[in-house]
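The structure appears right after this line, and notes come after that.
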Amino acid sequence: MYRETEIAEDTRARMLAWRRDIHAHPETAFEEHRTANIVAQALGLMDISVHRGLGGTGVVGSLKNGEGPSIALRADLDALNMQELGNHEHKSTCNGKMHGCGHDGHTAMLLGAAEHLSRHKPFKGTVHFVFQPAEENEGGGRKMVEEGLFDLFPADAVYGMHNFPGVPRGQFMIRAGTMTAYLDTFEIRVTGKGCHGAMPETGIDSVVIAAQLVNALQTIVSRRTSATESAVVSVTQIHGGDTWNVVPENVVLRGTVRTLDAAIQDNVEAMMGQICAGVAQTNGAKIELDYRRGYPGVVNTPGETAAAVAAAASLVGSEQVNTDIKPAMGSEDFAFMLQERPGAYIGIGAGEGENPPPLHNPYYDFNDAILPLGAAYWVALVKQQLAA
Ligand SMILES: [Zn+2]
Ligand SMILES: [Zn+2]
């Protein structure tokens, strides 16, 4: 068994109540008003100074205990637009919305840590508890950073945590360097020359051009990226044409790009531009590429990764902290905070029993059994980094 026992019984009970209350009332991107109210009220009762409205519905609590370093700990508030199919007592009361990623649990664990730290103050310095909106799609983390998160709340380092149902409870997982992928999307608009389907020589066939593009884009990864590097280029939509005998003037392609390295990301974007220009010229068509950068990669800095590993190991033993996981191709907007400050993002195992539902599954429910361990991780990290 691991050391989570310093989290008091009443705090554990409150974490469970917060978690289930938030789960039953899921709110999505930038609409987390009720959830933010719960967080702000709870922090207020702990005598933690509360700042609201950063990044829309974001909440930051600051707890100062004398002079010393400062640290930011981040949780996320938002749910997903999906229908919950599980049938537990605290299931979603909001049709079409669900806490399918466990952000309800992340919020409860950080509140639990805040309660413990405000009660015992086992540190010297300042702890900022950052509750961000809109992690899932809309970059609430970026918005908080843009609105001056680290100017208002200067922090030497920033830390994040996510539950992983595929990893057994009692384990942590992390890696130094890139932990999650850079996520980009693109739209390619092909303009040919519409004409009669029986007389293609009188037009410029945007459908054939779209097919050439799909094929050529595959060579970015297969022929032009080193086998030791990685990238994903997926065309996921093709839209064009209305009937059998008209060659359409326009076709639109859309898709996504994932990379694990900023230089590879730059290369992929440049190669896409090249291919679009080349295919356009070959066919005498017009091709416009709209390449949109989404979430950057979560890149853990070495010193803070070591700090996170040490804090986790102090609870579960170093053999239960996997420091050599593969980077995940998923994405996480905590990355925007890591672009501003050194820090580390850690995975906490939440797996229980045979084949627990994965994140974003309609039967997923945050595993309440890890609430005390998650809170204890935050407490251990603060005690270690802000040693009194
Ligand atoms: Zn998610
Ligand atoms: Zn998540």
Side-chain angles (χ1 to χ4, degrees), residues 18-19 22-23 25-32 35-36 39 55 57-59 73-86 92 94 96-111 129-144 158-167 169 172-175 178-183 185 256 258 294-298 300 308 325 327-338 343-351 356-368 370-371 373-375 377-378:
W18 287 319
R19 208 290 284 180
I22 294 169
H23 188 93
H25 302 94
E27 296 173 307
T28 48
F30 299 118
E31 291 169 1
E32 306 93 335
T35 314
V39 168
T57 40
V59 182
L73 313 177
R74 169 274 200 177
D76 32 20
L77 299 168
D78 58 319
L80 287 155
N81 285 305
M82 64 183 285
Q83 186 68 38
E84 180 157 29
L85 295 180
S92 172
C94 185
K97 291 182 198 265
M98 171 190 175
H99 268 289
C101 204
H103 300 181
D104 47 352
H106 301 164
T107 296
M109 291 190 291
L110 190 55
L111 281 177
F129 304 94
V130 179
F131 296 86
Q132 73 147 86
E135 189 286 321
E136 289 289 356
N137 287 307
E138 310 205 14
R142 166 166 44 193
K143 194 148 186 254
M144 285 186 101
V158 62
Y159 293 85
M161 173 163 56
H162 205 294
N163 80 100
F164 287 104
V167 178
R169 173 160 82 91
F172 287 86
M173 52 191 267
I174 191 168
R175 61 177 278 121
T178 305
M179 185 145 160
T180 69
Y182 293 73
L183 181 171
T185 56
T256 187
R258 308 291 167 109
Y295 293 178
V298 163
N300 288 336
I325 58 162
M329 294 316 288
S331 297
E332 162 61 77
D333 88 338
F334 181 62
F336 291 105
M337 298 188 190
L338 285 178
Y345 179 75
I346 197 166
I348 179 171
L359 299 172
H360 294 205
N361 177 281
Y363 293 95
Y364 167 85
D365 186 30
F366 181 85
N367 182 358
D368 288 321
I370 69 164
L371 288 168
L373 182 60
Y377 165 75
W378 289 129

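Numbering of ligands and ligand atoms starts at 1, following listing order.
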**Message:** I'd like to know if D333 and K143 make a salt bridge, using a cut-off of under 4.0 Å between side-chain N and carboxylate O.
**Reply:** no
**Fill in**
For the Zn ion (ligand 1), the nearest N/O/S atom on E136 is atom OE2
**Asked** With the threshold set at 4.0 Å, does a side-chain nitrogen-carboxylate oxygen contact exist between K97 and D78?
**Response** no
**Prompt:** Quick one: do the H106 and Q132 side chains pair a donor with an acceptor below 3.5 Å?
**Reply:** no
**Asked** Between the Zn ion (ligand 2) and H106, is there an N, O or S atom separated by less than 2.8 Å?
**Response** no
**Asked** Does the side chain of T180 come under 3.5 Å of the side chain of E332 through a donor N or O and an acceptor N or O?
**Response** no
**Prompt:** Once rounded to 10°, what is the value of the angle centred on the Zn ion (ligand 2) between H162 NE2 and H103 NE2?
**Reply:** 120°
**Message:** Counting backbone and side-chain atoms alike, is an N, O or S atom of C101 positioned under 2.8 Å from the Zn ion (ligand 1)?
**Reply:** yes
